[in-house]
There are 2 protein chains.
Amino acid sequence: MRRSTHTETKTRPAPCLEESAFLEMSRTTDLLSRRVSLLLRTEELSSTQYNVLRILRGVQEGLPCGEIGSRMITRDPDITRLLDRLEKRSLISRCRETKDRRMVMARITPEGLQLLSRMDEPVREAHHAQLGHLGREHLKALIGLLQTARAEVV
Amino acid sequence: MRRSTHTETKTRPAPCLEESAFLEMSRTTDLLSRRVSLLLRTEELSSTQYNVLRILRGVQEGLPCGEIGSRMITRDPDITRLLDRLEKRSLISRCRETKDRRMVMARITPEGLQLLSRMDEPVREAHHAQLGHLGREHLKALIGLLQTARAEVV
DNA sequence: TGACAATATTCGTTATAACGGATATATTTA
DNA sequence: TAAATATATCCGTTATAACGAATATTGTCA
């Protein structure tokens with residue numbers, strides 16, 4: 001036991017449950033992400049880029065740049081450059097919308113889809129290896145709690 | 001209902017529970033972090049820097065640089081520069097250990113402690129506002145699951 | 001003592017996130 | 001039509017993460 005309980009309570013307040021939950025979440029996400037990042041590096045992809053590609057895979061019609069930005073709280077000019085980099089590698093394509101010609105739709109290309117599908121199996125394996133020990137019930141409980149947590153965040 | 005079920009199953013495999021759990025975790029951490037990042041910005045602190053300061057607050061004796069690095073999987077040279085920036089602002093101090101003179105101990109300074117304590121209340125409020133609706137029982141369950149998840153990660 | 005290992009540093013590089021500001025284009029509305 | 005708005009872009013800036021390579025200092029061990 002430490003002798004300096006007195007000063008410690010002054011400098012380091014006892015964490016409340018909400019804070020602990022956040023810390024646990026950060027640590028766990030961090031730890032689990034490491035393995036995925038290693039996988040991504042083999043394809044020279046940042047996790048932001050991977051993220052965008054997966055979002056676009058979910059939407060065959062494509063998404064306007066602004067929509068992508070709002071899903072990640074990134075400023076418009078930076079989304080443009082992010083998409084620039086992906087387009088240069090032919091992983092996405094852009095074309096101006098015919099209806100509202102202000103908008104530019106970003107779509108994932110066949111190359112992009114291929115890249116993603118190359119990653120699918122290893123990524124899934126990584127997650128299975130890292131979280132499989134929890135078992136179905138615990139996993140479901142965890143997912144449910146996280147969804148609940150996010151549902152009411154302002 | 002979409003017509004292209006056929007192609008979709010090919011391009012986007014149904015997510016397994018482990019993968020969903022990871023995604024939920026990432027999204028939630030991401031969402032919750034935004035508010036904290038805004039707070040940190042008022043002190044011109046990156047979340048990595050905040051992280052290091054909090055680690056050091058927990059260890060009055062200080063930590064060797066390498067130890068800090070291993071807690072965050074960052075290469076040694078980059079830790080050095082990270083600490084450089086913090087030292088320049090007098091938030092930490094460094095001094096060579098007398099026993100093993102290869103090691104340099106990093107300690108948080110009174111200024112660093114002050115800064116942290118300025119953040120404590122707002123950070124806690126942010127977490128409370130964002131996660132308080134879960135209630136004690138759910139929070140405890142969440143914390144427990146996350147710890148279990150991390151316990152066996154290789 | 002001499003060879004090796006451990007620790008931290010310095011230096012240089014590249015890519016990117018994040019920000020501010022301005023501009024081009026197209027749409028909507030007064 | 002003219003003004004205001006929305007969308008995306010271009011430009012430049014700074015700070016930093018991430019990587020490789022080399023060096024200095026100290027400790028350990030044959």
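Chain identifiers are assigned alphabetically (A, B, ...) following the order of the sequence lines, protein sequences preceding nucleic acid strands; residue numbering begins at 1 within each chain. FYI, side chains are in, hydrogens and waters are out, and symmetry mates aren't considered; it's all heavy atoms of this structure. This structure is a prediction, so every number in the text was calculated from the model and none was measured.
Residue A:Arg101 has a polar side-chain atom (N or O) positioned under 4.0 Å from OP1 or OP2 of C:dA26. Checking the phosphate oxygens (OP1, OP2) of C:dA5, no side-chain nitrogen or oxygen of B:Arg102 falls inside 4.0 Å. For D:dT16, the OP1/OP2 oxygens have no side-chain nitrogen or oxygen of B:Ser46 closer than 4.0 Å. A close approach under 4.0 Å does not occur between any side-chain nitrogen or oxygen of A:Arg75 and OP1 or OP2 of C:dA17. For the OP1/OP2 pair of C:dA15 and a distance below 4.0 Å, the side-chain nitrogens and oxygens of A:Gln49 include no atom meeting the criterion. Contact check, A:Thr80 against D:dA8: no side-chain N or O comes under 4.0 Å of OP1 or OP2. For A:Arg81 and D:dT13, the shortest distance from a side-chain N or O to OP1 or OP2 is not below 4.0 Å.
Counted by atom type alone, A:Arg150 and B:Thr28 present one or more donor-acceptor pairs between their side chains at under 3.5 Å. Neither side chain, A:Glu18 nor B:Gln130, offers a donor N or O lying under 3.5 Å from an acceptor on the other.
The shortest heavy-atom contact between B:Ala149 and A:Leu134 is CB-CD1, 3.9 Å.
Follow the hydrophobic side-chain contacts under 4.5 Å out from A:Leu23 and you never reach B:Tyr50; the two are in separate clusters.
Residue-level contact check: B:Thr74 touches neither bases nor backbone, having no heavy atom under 4.0 Å from any strand. Among the protein residues, B:Asp78 comes within range of the nucleic acid bases, having at least one heavy atom under 4.0 Å from a base atom. At a threshold of 4.0 angstrom between heavy atoms, the contacts of B:Pro77 include nucleobase atoms, whether or not backbone atoms are also involved.
The side chain of A:Asp76 has D:dT9 as its nearest neighbour among D:dT9, D:dA17, D:dG27. If you check D:dA8, C:dT7, D:dA17 against the side chain of B:Met103, the one that comes closest is C:dT7.
The CD atom of B:Glu67 sits 9 Å away from the P atom of C:dA8 (whole-angstrom rounding). As rounded to whole Å, 13 Å separates atom C1' of C:dA15 from atom CG of A:Leu86. Going from atom OH of B:Tyr50 over to atom C1' of D:dA17 covers 21 Å, rounded to whole Å. Rounded to whole Å, atom C1' of C:dG12 lies 15 Å from atom CG of B:Asp84. Rounded to an integer number of Å, the gap from A:Leu82 CG to C:dA15 P is 15 Å. Between A:Asn51 atom CG and C:dA17 atom C1' there is a gap of 14 Å when expressed in whole angstrom units. Between the CG atom of A:Leu40 and the P atom of D:dA18 there is a distance of 13 Å, rounded to whole Å.
Ranked by how close their nearest DNA chain D nucleotide is to the 5' end, B:Glu44 and B:Asp100 are led by B:Glu44. The nearest heavy atom of DNA chain D to A:Leu63 and to B:Arg96 marks one nucleotide each, and the one closer to the 5' end goes with A:Leu63.
Taken from CD1 in A:Ile92 to OG1 in A:Thr109, the straight-line distance is 8.0 Å, to the nearest 0.5 Å. To the nearest 0.5 Å, the span separating CZ on A:Arg94 from CG on A:Leu86 amounts to 9.0 Å.
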